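These numbers come from the heavy atoms of this one structure, side chains and all, not from hydrogens, waters or symmetry mates. Everything numeric in this text was worked out from a predicted model, so none of it was measured.
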Amino acid sequence: MSTPEIEDIPIRDEMIRLGQLLKLANLVEDGVEATELIKNGLVKVNGEIDDRRGRQLHHGDTVTLNNRTVRITAPGS
């Protein structure tokens, strides 16, 4: 079984909220889709399901949706 490739997503600040990251990484079309996917338990943060759209994410955190994983890279980290 191969390990899925992780795509680095740079952010401007030290923190980004989960709903914003999903849009930034083009994992969703808009905030409504992000809210639905998060609410339905389809989004994993650092390998665990998270149902909080406002979850704060920082450098090194990973988010997985539909077998696609992205990792946050923040300035100065």
* Check side-chain contact (heavy atoms from CB on, under 4.5 Å) between Thr62 and all other residues, then give those that pass, not counting sequence neighbours. => Asn46, Thr69, Arg71

* Structure fact -> dist Asn40:CG -> Asp51:CG (nearest 0.5 Å) comes out at 10.5 Å

* To do: Using the test side-chain hydrogen bond (donor to acceptor under 3.5 Å, both in side chains), find all partners of Asp13 that sit at least two apart in sequence or belong to another chain.
  => none

* Donor-acceptor pair, Asp50 side chain versus Arg52 backbone, under 3.5 Å? -> yes

* Asked: So how far is it from His58 NE2 to Glu14 CD, rounded to the nearest 0.5 Å?
  -> 8.0 Å

Per-pair distances, 0.1 Å, donor-acceptor, side chain in residues 15-23, under 3.5 Å, sequence neighbours excluded:
from	atom 1	to	atom 2	distance (Å)
Arg17	NH1	Gly54	O	2.8
Gln20	OE1	Arg17	N	3.1

* Asked: In Å, rounded to the nearest 0.5 Å, how long is the span from CD of Glu7 to CG of Asn26?
  -> 8.5 Å

* Can you name the closest pair of heavy atoms from Leu24 and Pro10 and give their distance? -> CD2-O, 3.8 Å

* CZ/Arg55: more than 12 non-hydrogen atoms of other groups inside 6.0 Å -> yes

* **Minimal non-hydrogen separation, Val43 against Ile38, with atom names** => CG2-CG1, 3.8 Å

* To do: Identify the heavy atoms of Ile11 and Pro75 that sit nearest to each other, and give their distance.
  => O-CD, 3.1 Å

* For Val63 and Lys44, what are the C-alpha separation, side-chain angles and deciding distance, and is it a side-chain contact (heavy atoms from CB on, under 4.5 Å)? -> CA-CA 6 Å; Val63 174; Lys44 290 185 178 181; over 6 Å; no

* Between Leu27 and Leu42, is there a shared hydrophobic cluster once you connect ILVMFWY residues whose side-chain heavy atoms come closer than 4.5 Å? -> yes

* To do: Check whether more than 12 heavy atoms from other residues, nucleotides or ligands sit under 6.0 Å from atom CG of Asp8, and answer yes or no.
  => yes

* Do Val45 and Leu57 have side chains that get closer than 4.5 Å, going by heavy atoms? -> yes

* Asked: Do side-chain atoms of Asp30 reach the backbone of Val32 as a donor and acceptor pair under 3.5 angstrom?
  -> yes

